[in-house]
Amino acid sequence: MALGRYLHTGKTLDDLIEQINDAAELHFAEDIEAGEQITIVSLTEFQVGSVAKISGC
């Protein structure tokens, strides 16, 4: 989620980063043109593989 709005994802992490960059450039175009530096902080969480289920005792 970015600025309270969902982004469409790409097939790769690089695609997602490029889309975030493009969205930020559009949103902050006037600030960037005025020389302001825009920093995006991204927290990424993902799961690799499947989760093993543990049966109860």
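- With rounding to the nearest 0.5 Å, the separation of CD in Gln37 from CD1 in Ile32 is 10.0 Å.
- From Asn21, atom CG reaches atom CG of Leu26 across 9.5 Å, with rounding to the nearest 0.5 Å.
- The CG atom of Asp14 sits 14.5 Å away from the NZ atom of Lys11 when rounded to the nearest 0.5 Å.
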